[in-house]
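Each remark here refers to the structure printed beneath this line.
All residue numbers in this chain count up from 1 along the given sequence. Atoms within a ligand are numbered from 1 in the order they appear, just like the ligands themselves.
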Amino acid sequence: MANRNHFTRSVSRHLPFGEKRDTRFYGMHIVSVEQFDRQDLDTIFEVAREMRSMVERVGSFDLLKGKVLANLFYEPSTRTSSSFAAAVQRLGGSVLQIDNVTFSSVSKGEVLQDTIRTMESYTDAIVLRHPEEGSAAIAASVATKPIINAGDGPGEHPTQALLDMFTIREELGRIDGLTVTMLGDLKYGRTVHSLARLLALYDIRLHFVAPDILHMPAALVEKLKEQGMAPCEHVDLADVLPETDVLYVTRVQRERFDDPSMYEGVKGSYVVAPETMAAAKERMIIIHPLPRVDEISMEMDDDPRAAYFRQMENGMYVRMALLALVLGKA
Ligand code: ASP
Ligand code: CP
């Protein structure tokens with residue numbers, strides 16, 4: 001793809017586990033899913049499976065011994081932050097956690113670029129979550145060490161989309177040929193912005209179900225069409241649920257609304273509950289990047305189709321794979 005190598009510094013080398021693999025990940029910034037093609041996803045999935053099996057067998061191993069990861073979070077996080085921390089520690093490395101930026105020099109007015117220059121002088125890679133769309137690209141433009149975008153405002157959340165794709169593949173055994181329905185806040189939800197772009201690499205039928213004011217951004221819909229997709233937009237989940245193989249539920253992103261009354265007007269627009277799921281296939285999955293607020297009833301949690309906690313666990317294996325590939329030692 002056009003920008004396949006845009007964020008890559010090419011260093012040819014052998015990757016772990018004694019097997020020669022695609023070496024293009026070494027030193028790469030991970031800013032947008034648009035950097036990846038299907039072959040890259042196959043590589044990431046294969047390494048993630050090896051990571052899962054290693055964690056099950058031995059818990060941790062010293063692949064990244066001596067490496068230090070910076071976790072730089074300007075917005076709240078539970079899963080992304082802790083799964084990256086667990087990932088690097090299970091690989092024998094360590095983590096420098098900065099998640100309360102009010103106690104850092106950010107509160108003195110330091111610009112992102114200077115904070116990045118500082119953190120990269122102490123560490124080997126930086127995981128960055130920031131409220132501004134485009135912040136990860138700005139960070140990557142000054143950084144000499146890899147920047148991993150952990151969410152740039154309403155922009156993208158590429159590592160989430162990779163773990164979403166891995167979950168779909170592991171749960172349903174394939175990606176091509178599936179019908180995927182994205183539900184909820186498609187305007188501000190960065191996870192669906194990344195996931196829709198990755199799904200465009202596959203033969204997928206895509207439905208968007210959202211309240212009127214939370215549609216998928218028009219520019220992204222246009223782009224998906226140019227890539228040969230024909231996403232259908234709906235307001236009513238019942239229109240598409242019976243044919244859905246993957247129901248991707250999202251939280252209405254309260255923190256992105258300027259006007260709280262607009263949030264109040266749309267929160268709770270959709271609630272997936274056992275009654276809703278009566279119309280769904282028996283073999284399908286419900287996934288959600290989490291945290292959920294009220295868009296999936298807790299009564300759904302024991303339904304075998306509810307894959308969101310398995311998805312969350314997959315996050316650590318996929319992030320171990322990404323760190324191994326980006327920082328990998330021969
Ligand atoms: N945790 C995801 C994100 O940071 C989804 C969400 O917060 O609703 O984008
Ligand atoms: N899915 C996700 O990004 O979760 P956190 O916001 O808890 O990191």
* Relative to each other, are the rings of H207 and H234 parallel, tilted or perpendicular (30° and 60° limits)? -> perpendicular
* **Pairing of E132 and R256 as salt bridge, 4.0 angstrom limit** => no
* Between D301 and Y308, does any side-chain donor sit less than 3.5 Å from a side-chain acceptor? -> yes
* To do: Using heavy atoms and a cut-off under 4.0 Å, could you grab the residues that are in contact with ligand 1, chain by chain, numbers ascending?
  => R129, H157, R190, T191, R251, Q253, P289, L290, P291
* To do: Apply side-chain contact (heavy atoms from CB on, under 4.5 Å) to D176 and list each qualifying residue two or more places apart in sequence or on a separate chain.
  => R38, Y202, D203
* Asked: Can you say whether the rings of F257 and Y263 are parallel (under 30°), tilted (30 to 60°) or perpendicular (over 60°)?
  -> perpendicular
* Under 4.0 Å from ligand 2 - residues by heavy atom, chain and number -> S77, T78, R79, T80, R129, H157, Q160, P289, L290
Cut-off 3.5 Å, no hydrogens considered: what does the side-chain donor-acceptor table look like for residues 85-92, sequence neighbours left out?
from: Q89; atom 1: NE2; to: A85; atom 2: O; distance (Å): 3.0
from: R90; atom 1: NH1; to: G59; atom 2: O; distance (Å): 2.7

* To do: State whether E295 and K267 are salt-bridged, where the test is any N-O pair (Lys NZ or Arg NE/NH1/NH2 against Asp/Glu carboxylate O) under 4.0 Å.
  => no
* Asked: Side chains of H130 and L112: closer than 4.5 Å at any heavy-atom pair?
  -> yes
* Salt-bridge criterion met for E170 and R174 (N-O under 4.0 Å) -> no
